[in-house]
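A quick note: this is a predicted structure, and the numbers were derived from the prediction, not measured. In what follows, chains carry the letters A, B, and so on, assigned in the order in which the sequence lines appear, proteins first and then strands, with residues in each chain numbered from 1. Both backbone and side-chain heavy atoms feed into the values below; hydrogens, waters and symmetry mates do not.
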Protein chains: 2
Amino acid sequence: MGERRAVSMADVARLANVSSQTVSRVANGETSVVESTRQTVLRAMEELGYRPNSAARALKRGAFRAIGVMTFTLSTTGNVRTLEGIVAAAAVHDYAVTLIPVNAPSQDAVRGAFTRAGELAVDAVVAIMETHLASDAPAPYPPGFKVVVADSDDAGDRHPVVDTDQAAGAASATDHLLDLGHRTVWHVAGPESSYAAQRRRDAWRARLVARGLQVPRVLHGDWTPESGYEIGLRLADEPSCTAVFAANDQMALGLLRAFHDRGLRVPEQVSVVGFDDVPEAASYIPPLTTVRQDFEQIGRLCVEQVLGQVRGTGPTTGTTLVPTQLVVRASSAAPGRTGARRPRRA
Amino acid sequence: MGERRAVSMADVARLANVSSQTVSRVANGETSVVESTRQTVLRAMEELGYRPNSAARALKRGAFRAIGVMTFTLSTTGNVRTLEGIVAAAAVHDYAVTLIPVNAPSQDAVRGAFTRAGELAVDAVVAIMETHLASDAPAPYPPGFKVVVADSDDAGDRHPVVDTDQAAGAASATDHLLDLGHRTVWHVAGPESSYAAQRRRDAWRARLVARGLQVPRVLHGDWTPESGYEIGLRLADEPSCTAVFAANDQMALGLLRAFHDRGLRVPEQVSVVGFDDVPEAASYIPPLTTVRQDFEQIGRLCVEQVLGQVRGTGPTTGTTLVPTQLVVRASSAAPGRTGARRPRRA
DNA sequence: TGAGCGTATGTTTGCGCAAACATCGGCCGT
DNA sequence: ACGGCCGATGTTTGCGCAAACATACGCTCA
């Protein structure tokens with residue numbers, strides 16, 4: 001830390017009456033130091049409160065033992081939980097994690113962030129890019145960087161990609177509702193700019209098509225509960241709508257409130273399924289059936305992949321998908337006999 | 001980044017046909033370089049893709065331009081949003097942010113984290129310590145560290161503390177309910193181990209006492225919606241309970257569900273007020289009246305304080321309180337005429 | 001016109017650490 | 001008994017950068 005005059009190896013060496021190289025050897029746990037010497041040095045370190053200087057170490061070794069994590073925002077559950085996973089996994093490998101904020105979801109901003117990353121004390125970066133950027137432009141990830149992209153897409157042809165198996169998750173939600181007997185499933189999608197939103201929507205549609213069912217028009221929200229609420233109010237006026245799959249839990253929350261406000265009972269008259277499994281989902285009214293993402297796992301895999309690159313082992317492309325898990329709670333049930341909405345309970 | 005052979009100032013100097021010192025001057029924006037020389041150097045940098053090596057810089061300058069942020073968890077809204085505020089404020093000052101996880105809420109774990117911090121490339125640390133540690137033990141923050149503590153207490157006698165004005169926030173929630181006409185206010189507190197929980201509870205009690213009202217027994221949750229639900233079920237059996245102040249929004253969410261499950265209408269029969277103003281609070285059923293914390297502000301103040309210490313200006317003790325704002329939504333209303341619970345609506 | 005000064009640039013140095021290489025003893029085997 | 005070898009420790013060096021100091025080249029003004 002910014003102590004005025006940090007204790008250096010030379011200081012320890014002087015006190016212990018050895019060379020600074022021996023101090024270095026002890027500090028790095030090398031074996032070729034006789035036990036008595038080691039003890040002397042250790043005692044001197046203790047006495048002086050010696051702490052290795054990471055700048056000098058990094059300069060010498062050419063590596064920082066740190067990973068940069070690039071995100072647009074920490075406001076989404078997914079990003080935060082992925083970050084948590086990354087921090088935990090990095091700690092296991094004794095790596096530090098440095099945050100690299102990206103001001104805006106634009107190519108330029110990402111490039112700027114990489115410029116900063118290049119100057120920062122990091123050996124590699126994990127980019128949590130839930131949004132796709134002006135997609136025609138060239139790769140925003142500068143060459144020569146060790147990068148793993150989380151929660152994105154870009155087909156993993158340039159850098160490894162780790163992502164939730166969005167398609168399987170969306171399919172499991174859709175199938176769950178269909179298997180309950182619903183004639184079709186409506187979908188409240190995320191914004192078009194989101195890879196994850198696209199893929200959930202596509203998988204939902206694919207399931208309906210595969211089962212020869214009618215595909216209702218897609219309703220696009222922006223991930224917020226408010227957008228879910230707006231869409232819910234409209235959906236309340238669609239008598240044929242008995243099941244809705246929302247692309248995230250927050251929008252599902254908005255749906256629940258809209259249906260509640262319109263006097264529509266969930267799940268008796270409309271079933272709702274979300275995506276994410278936020279910690280509150282079990283406490284929604286009613287508790288929300290949803291698709292759980294394993295963010296911890298994603299974080300772990302990102303770290304492993306990125307450290308693989310740092311070590312020179314490990315692939316530099318390819319996509320890793322993390323499975324989801326359908327969590328069935330009280331917001332989904334079989335539809336009424338008519339196939340349209342169940343009559344409202346007296 | 002970990003490129004094999006990074007471009008150094010010497011490389012740029014060679015290409016631009018100047019000394020490496022001149023390159024350094026250009027890189028650092030010093031004025032004493034003639035424009036034509038500057039341009040030559042800039043072009044050479046561009047061509048080579050030069051990027052200053054932060055390790056060497058840090059070694060030379062004795063500073064990293066980085067702040068460490070210490071937290072137990074990123075699972076709480078407050079921590080994450082404080083972190084976001086810190087990252088944003090740090091970016092303004094061109095500081096990087098490194099995460100320092102603390103494995104457990106114990107003195108030892110904190111001490112370990114500080115040891116790591118000492119070896120890490122950070123100039124100072126912001127500790128987000130929402131929990132108090134075995135309080136009789138000596139200061140967990142080693143001397144000589146530049147530390148600011150957020151969301152805690154410890155009276156700011158050893159390090160600066162930045163915190164939400166918990167007392168004022170809790171008082172405003174309590175007064176709001178009393179001013180609506182409730183005879184008293186029940187309180188669902190957070191865990192005893194939390195400073196914030198203690199202070200909210202104490203302020204709530206103080207308001208009741210100041211107004212000469214009966215103080216109901218305190219119910220302790222653990223911040224989770226589930227604990228709020230359990231307590232809500234018990235509260236539903238208390239006919240005298242017409243107003244509840246929950247120490248956070250998640251527990252309030254649990255209360256709402258418990259009351260819903262017991263057929264108690266909010267706010268007609270029971271009013272509920274939360275604390276935090278999470279983004280979903282406006283979409284709860286009904287939308288939650290709550291006390292908004294200004295985490296961005298907290299983050300900003302933490303950074304300013306800690307950079308003040310780094311610069312040697314700025315105080316090394318003292319407490320800064322950030323005001324809260326009561327956000328009135330639909331979950332709070334006047335009680336029934338009887339002073340007990342309003343009759344359930346037909 | 002030349003002393004004096006300021007400005008642009010170059011040279012030296014060392015930050016703390018750890019590879020690479022050097023040295024110094026003792027211990028082995030024959 | 002002595003060459004050779006190995007294990008423990010010391011010495012040198014340079015990572016990339018930027019202070020500190022040195023130099024060189026005008027330009028001003030008496």
Do A:T37 and A:T40 get their side chains close enough for a donor-acceptor pair, meaning under 3.5 Å?
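Judged by distance alone, the side chains do not pair up.
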Reading DNA chain D from 5' onward, which residue's closest nucleotide shows up sooner: B:A56 or B:Q21?
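Final value for this comparison: B:A56.
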At less than 4.0 Å, is any side-chain N or O atom of B:T37 found next to OP1 or OP2 of C:dA8? Yes or no.
no
A:Q39 versus A:E35, side-chain donor and acceptor atoms under 3.5 Å
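Per modelled atom types, A:E35 and A:Q39 side chains form a pair under 3.5 Å.
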Interatomic distance, A:R38 CZ vs D:dG7 P [rounded to whole Å]
16 Å
So what does A:S20 hit on the nucleic acid, given a heavy-atom distance under 4.0 Å: a base, only sugar-phosphate, or nothing?
nothing
Give A:S8 one of three labels, base, sugar-phosphate or nothing, depending on what nucleic acid heavy atoms sit under 4.0 Å from its own.
sugar-phosphate
Please report the distance, rounded to the nearest Å, between CD in A:E30 and P in D:dG10.
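For the pair A:E30 CD and D:dG10 P, the rounded distance is 14 Å.
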Dot-bracket pairing map - DNA chain D, Watson-Crick plus G-U, both contacts under 3.5 Å, | cross-strand
||||||||||||||||||||||||||||||
Separation of A:K60 atom NZ from D:dC17 atom P, in whole Å?
16 Å
So, A:D165 side chain and A:V322 main chain: donor-acceptor pair closer than 3.5 Å or not?
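Checking the backbone N and O of A:V322 against the side chain of A:D165, no donor-acceptor pair under 3.5 Å is found.
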Salt bridge or not for B:E296 and B:R300, using N-O below 4.0 Å?
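Here B:E296 does not pair with B:R300 in a salt bridge, since their nearest N and O are not under 4.0 Å apart.
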From CG of A:L59 over to P of D:dC15, roughly how many Å is that when rounded to an integer?
9 Å
Output the rounded distance in Å from CE (A:M9) to C1' (D:dT9).
15 Å
Using a heavy-atom cut-off of 4.0 Å across all strands, would you classify B:V23 as base, sugar-phosphate, or nothing?
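Contact class for B:V23: none.
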Send over the distance from B:D11 CG to D:dC17 C1', rounded to a whole Å.
13 Å
N/O donor-acceptor pair, side chain A:R51 with base C:dG16, under 3.5 angstrom:
no
Check whether any side-chain N or O of A:R61 sits under 4.0 Å from OP1 or OP2 of C:dA18, and answer yes or no.
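Result: yes.
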Using modelled atom types and a 3.5 Å cut-off, is there a donor and acceptor pairing between side-chain atoms of A:Q309 and backbone atoms of A:V147?
yes
Please report the distance, rounded to the nearest Å, between CE in A:M45 and C1' in C:dG16.
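Interatomic distance, CE of A:M45 to C1' of C:dG16: 13 Å.
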When all nucleic acid strands are considered with a 4.0 Å heavy-atom cut-off, which category describes B:T22: base, sugar-phosphate, or nothing?
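Answer is sugar-phosphate: B:T22 comes under 4.0 Å of backbone atoms only.
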For C:dC15, take OP1 and OP2 only and decide whether either is under 4.0 Å from a side-chain N or O of A:N53.
no
Can any side-chain N or O of A:R116 pair as donor or acceptor with the backbone N or O of B:A96 at less than 3.5 Å?
no
OP1 or OP2 of C:dT9 versus the side-chain N and O atoms of B:R25: is any pair under 4.0 Å?
no
Whether B:D123 side chain and B:A66 backbone form a donor-acceptor pair below 3.5 Å
yes
Write down the distance between CG (B:N28) and P (D:dA19), rounded to a whole number of angstrom.
7 Å
Hey, is CD on B:Q297 packed in by over 12 heavy atoms from elsewhere, all under 6.0 Å?
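Counting other residues, nucleotides and ligands, CD of B:Q297 exceeds 12 neighbours.
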